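The structure appears right after this line, and notes come after that.
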Amino acid sequence: MWSVFTVIAYFVLALLIPIGWALGRVWRRTRVSRQVTCPALSAPTLVTLDPWYAVRMHARGDNELRVADCGRWPERRDCNRECLTQIGTPA
């Protein structure tokens with residue numbers, strides 16, 4: 001009986017390790033702040049992305065990003081976030 005559980009455990013690990021590796025890469029790439037040019041002001045600013053949102057979207061097959069913090073906030077919190085096109089895809 002233990003041999004059946006061992007085979008199942010190895011099968012689950014064989015699936016989870018590549019998935020975890022891919023999602024971990026997305027998380028590491030999106031957790032650092034980036035300097036972008038604010039399209040509304042044409043001035044440089046620091047943008048921090050939401051890494052957990054990027055991981056969830058990547059797991060769904062999307063490359064959507066979300067801004068967690070911006071150097072121009074709170075006065076420009078309602079911007080269109082056009083600066084995300086400068087960052088590219090997380091994968």
Side-chain angles (χ1 to χ4, degrees):
M1 189 65 162
W2 285 103
S3 61
V4 172
F5 290 132
T6 303
V7 169
I8 292 171
Y10 280 126
F11 180 72
V12 169
L13 278 176
L15 290 176
L16 290 180
I17 288 174
I19 292 170
W21 186 268
L23 296 179
R25 283 181 52 219
V26 171
W27 183 80
R28 282 190 307 271
R29 289 183 181 180
T30 55
R31 69 183 172 100
V32 295
S33 297
R34 294 181 165 95
Q35 184 172 358
V36 297
T37 302
C38 180
L41 301 175
S42 298
T45 187
L46 280 176
V47 172
T48 304
L49 301 174
D50 185 357
W52 296 113
Y53 183 79
V55 167
R56 287 192 311 266
M57 291 298 108
H58 186 75
R60 287 180 32 188
D62 296 336
N63 286 327
E64 184 179 339
L65 298 173
R66 181 168 62 186
V67 176
D69 189 31
C70 176
R72 301 289 177 199
W73 289 355
E75 63 272 0
R76 297 224 177 249
R77 189 158 184 87
D78 295 328
C79 71
N80 293 333
R81 288 157 181 77
E82 295 170 1
C83 59
L84 290 176
T85 59
Q86 299 173 29
I87 295 172
T89 61

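Please read all numbers here as calculations on a predicted model, not as lab measurements.
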Using the rule that Ile, Leu, Val, Met, Phe, Trp and Tyr join whenever any side-chain heavy atoms are under 4.5 Å apart, tell me whether [X] and [Y] fall into a single cluster.
X   : Y   : result
W27 : L23 : yes
V7  : V12 : no
I19 : V26 : yes
M57 : W52 : no

Polar side-chain atom of R72 near backbone of P44 as donor-acceptor pair, under 3.5 Å: yes

Closest contact, heavy atoms only, L84 versus L65: CD1-O, 3.6 Å

Smallest separation among heavy atoms of L13 and P18, with atom names: O-CD, 4.3 Å

Intermediate values then yes/no, side-chain contact (heavy atoms from CB on, under 4.5 Å), H58 and N63: CA-CA 6 Å; H58 186 75; N63 286 327; 3.8 Å; yes

Results of salt bridge (Lys or Arg N to Asp or Glu O under 4.0 Å) for D50 - residues two or more places apart only: R66

Using atom types as modelled, flag every donor-acceptor pair under 3.5 Å from a side chain in residues 32-40 to any protein atom, sequence neighbours excluded.
| residue | atom | partner | partner atom | Å |
| --- | --- | --- | --- | --- |
| S33 | OG | T48 | OG1 | 2.9 |
| R34 | NH1 | R29 | O | 3.3 |
| R34 | NH2 | R29 | O | 2.5 |

Interatomic distance, F11 atom CZ to L16 atom CG [nearest 0.5 angstrom]: 10.0 Å

